[in-house]
Amino acid sequence: SVVTQVVHSAGRRFIVSPVPESRLKEQ
Amino acid sequence: AEDTGVRVELAEEDNGRKSSIALRLWVEDPKKLKVKPKDNGAIEFTFDLEKETPEDVAQEMVESGFFHESDVKIVGKSIRDRVALIQWRRERICPG
């Protein structure tokens with residue numbers, strides 16, 4: 001799975017990873 | 001808590017001792033947002049219960065391009081609801 005890391009200018013680190021299908025609400 | 005369409009959960013077990021906690025946020029129902037986010041991934045971040053406010057983190061997410069500015073309040077509220085629950089649980093387990 002692809003993991004993206006974004007660091008905000010304030011220094012906070014956001015790590016983005018795919019949400020497992022099971023955690024998504026049914027539309 | 002109100003269903004905002006944005007889900008926030010603990011990304012690690014809360015031992016009740018650290019002021020900084022790891023949270024994971026993702027969009028469960030994009031229809032509840034004013035502008036659909038480009039990325040549908042789960043965003044993991046740390047939040048300091050003593051020094052930070054959920055609204056500040058929501059603003060940083062907007063500035064980092066995860067959400068549109070018009071959704072900053074709904075993201076902030078989603079984080080605030082989860083943080084309130086974590087603090088309430090900590091108070092119950094270890095009052096004072």
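Chain A is the first sequence line, chain B the second, and so forth, proteins listed ahead of strands; every chain is numbered from 1. All of these numbers come straight from a predicted model, not from anything done at the bench.
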Establish whether [X] and [Y] are linked, either directly or via other cluster members, by ILVMFWY side-chain heavy-atom contacts under 4.5 Å.
{"X": "Leu85(B)", "Y": "Phe45(B)", "result": "no"}
{"X": "Ile74(B)", "Y": "Val35(B)", "result": "no"}
{"X": "Val7(A)", "Y": "Phe47(B)", "result": "no"}

What part of Val16(A) is in contact with chain B, defined as an atom under 4.5 angstrom from a non-hydrogen atom: side chain, backbone, both or neither?
both

Roughly how far, to the nearest 0.5 Å, is the NE2 atom of His8(A) from the CE atom of Met61(B)?
10.5 Å

Is it the case that atom CD in Glu63(B) sees more than 12 heavy atoms from other parts of the structure closer than 6.0 Å?
yes

In terms of heavy-atom contacts, does CD of Gln5(A) have more than 12 from other residues, nucleotides or ligands at under 6.0 Å?
yes

Heavy-atom closest pair, residues Arg12(A) and Val57(B):
NH2-CG2, 3.5 Å

Shortest non-hydrogen contact from Val19(A) to Gly41(B)?
CG2-C, 3.6 Å

Check whether Glu52(B) gets within reach of chain A through its side chain, its backbone, both or neither, counting any heavy atom under 4.5 Å.
side chain

